[in-house]
Amino acid sequence: MALTIVESIDELRADLDRSRAAGDDVGFVPTMGYLHAGHLSLVEAARARHARVVVSIFVNPLQFAVGEDLGAYPRDLDRDVGLCADAGVDVVFAPSVEEMYPFGPVATTVTVGGISERFEGATRPTHFAGVATVVAKLFNIVGPCAAYFGEKDFQQLAVVRRMAVDLSAPIDVVGCPIVREPDGLAMSSRNVYLDDAQRAAAPVLQRALQRGRASIEAGERDPDAVVAAMAELIDAEPLAELDYVAVVDAVTLEVPERLAGELRLLGAAQVGRPRLIDNVGVTIP
Ligand code: PAF
């Protein structure tokens, strides 16, 4: 069936209610557009499991702080729609800001305590409330479905999972692996901001995380020692400014006293205009 572009909440609800009534389950991929291979891997995962696939494209003002790149955030709806059509998406939901926030500034927000406050939340204190609020709205609009999120935004995935459980949302939250450029840089819509020199320097974040993982695999169990090894590599790259590196429990995102179980190494660094984030997993049996 041909792809449909829907701008209205009521129209999307009616369309998906008809699908579910006909026995067709729904896979949902929320995005802010400017799609790349990472987004398309989420679509592919949804396509493989669900009769109908919906992609939302909405640059959510709530998750940008004053001074961040809301106005400059890359947008190309025609190109995104073409990519979605080629990938077998059934519906692109592309609402206006007025459709999503008809009263202007929202009076109701969703805050996921604890897990939102560390790492990304420490640098961008209002970010996760903006994400959780729009994702809760999107879950209410799309209705029962499986929703696909990339592991690149690992903390976002943890926040969304926690919100879905806390609010009993009828949503199966599915995390999908990071898609990388050949040199290891995690794909991101904001990578277009990198100039040539910054682009060449950017994989340092991934190399630092790999170094941390290798040290754990070699037997290191002190989180501070792993952090120091990762930070050293980023500090040696003049074009990268370290924000944080950490080793955390993969579910709670708490830093354990001694490393054990399923862990995630997280990192963020400013490289020119974009703030790059990345992560890798490691399990200590
Ligand atoms: O990951 C993103 O692109 C956004 O944070 C999301 C989940 C679509 C909410 O705006």
Side-chain angles (χ1 to χ4, degrees), residues 6 9 12 26-43 45-46 53-65 68-77 79-81 83-84 87 89 91-97 99-101 106 109-112 115-116 119-121 123-142 145-164 167 169 171-179 186-193 266 268 274-279:
V6 177
I9 292 172
L12 184 70
V26 174
F28 172 44
V29 181
T31 82
M32 298 207 300
Y34 215 69
L35 304 181
H36 52 66
H39 298 111
L40 297 177
S41 75
L42 306 181
V43 170
V53 175
V54 183
V55 171
S56 65
I57 297 179
F58 179 64
V59 181
N60 170 39
L62 278 192
Q63 67 193 77
F64 292 76
E68 289 188 355
D69 59 344
L70 173 61
Y73 194 84
R75 292 161 165 92
D76 191 341
L77 185 60
R79 178 179 157 277
D80 288 346
V81 167
L83 289 170
C84 286
V89 171
V91 183
V92 167
F93 177 52
S96 63
V97 173
E99 179 71 5
M100 288 294 276
Y101 302 119
V106 285
T109 55
V110 178
T111 305
V112 184
I115 206 161
S116 290
F119 310 120
E120 289 305 290
T123 303
R124 306 176 72 193
T126 56
H127 174 67
F128 284 123
V131 170
T133 302
V134 80
V135 172
K137 277 176 74 74
L138 290 166
F139 284 178
N140 279 330
I141 293 165
V142 172
C145 67
Y148 291 76
F149 292 83
E151 287 185 345
K152 189 193 137 250
D153 297 292
F154 197 78
Q155 191 177 2
Q156 167 175 280
L157 176 60
V159 166
V160 168
R161 279 193 204 284
R162 181 63 197 257
M163 179 197 71
L167 300 184
I171 311 289
D172 175 18
V173 177
V174 183
C176 296
I178 298 175
V179 178
M187 288 200 183
S188 164
S189 304
R190 288 188 170 103
N191 288 351
V192 291
Y193 296 149
L266 309 176
R275 213 170 134 274
L276 305 179
I277 59 172
D278 201 348
N279 64 86

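Below, all heavy atoms of this structure are taken into account, side chains as well, without hydrogens, waters or symmetry copies. One-based numbering, in listed order, for ligands and for the atoms of each.
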Classify the angle between the aromatic ring planes of Phe58 and Tyr101 as parallel (below 30°), tilted (30 to 60°) or perpendicular (above 60°). tilted
Within 45° of the six-membered ring axis of Tyr34 and under 6.0 Å from that ring's centre, is NZ or CZ of Arg79 located there? yes
With heavy-atom distances below 4.0 Å as the criterion, list the atoms of ligand 1 near [X].
X      : result
Val134 : 9 (C), 10 (O)
Gln156 : 1 (O), 2 (C), 4 (C), 5 (O), 7 (C)
Thr31  : 8 (C)

Please work out whether any backbone atom (N, CA, C, O) or any side-chain heavy atom from C-beta onward of Leu138 is under 4.0 Å from ligand 1, and answer side chain, backbone, both or neither.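 Neither; no heavy atom under 4.0 Å.
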Would you check if the side chain of Ser41 reaches a backbone N or O of Gly38 as a donor-acceptor pair within less than 3.5 Å? yes
Just distances here: any N/O of Gln63 and N/O of ligand 1 closer than 3.5 Å?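 Looking only at distances, the answer is yes, because the N/O contact criterion of under 3.5 Å is met.
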Kindly confirm or rule out an N or O of Asn60 lying under 3.5 angstrom from an N or O of ligand 1.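 No; every N/O pair is 3.5 Å or more apart.
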Does the side chain to side chain contact (heavy atoms under 4.5 Å, CB included) test come out yes or no for Val173 and Leu157, once each step is laid out? CA-CA 8 Å; Val173 177; Leu157 176 60; 3.9 Å; yes
With a 6.0 Å cut-off (strictly less than), is the heavy-atom count around CZ of Arg275, excluding the residue itself, greater than 12? yes
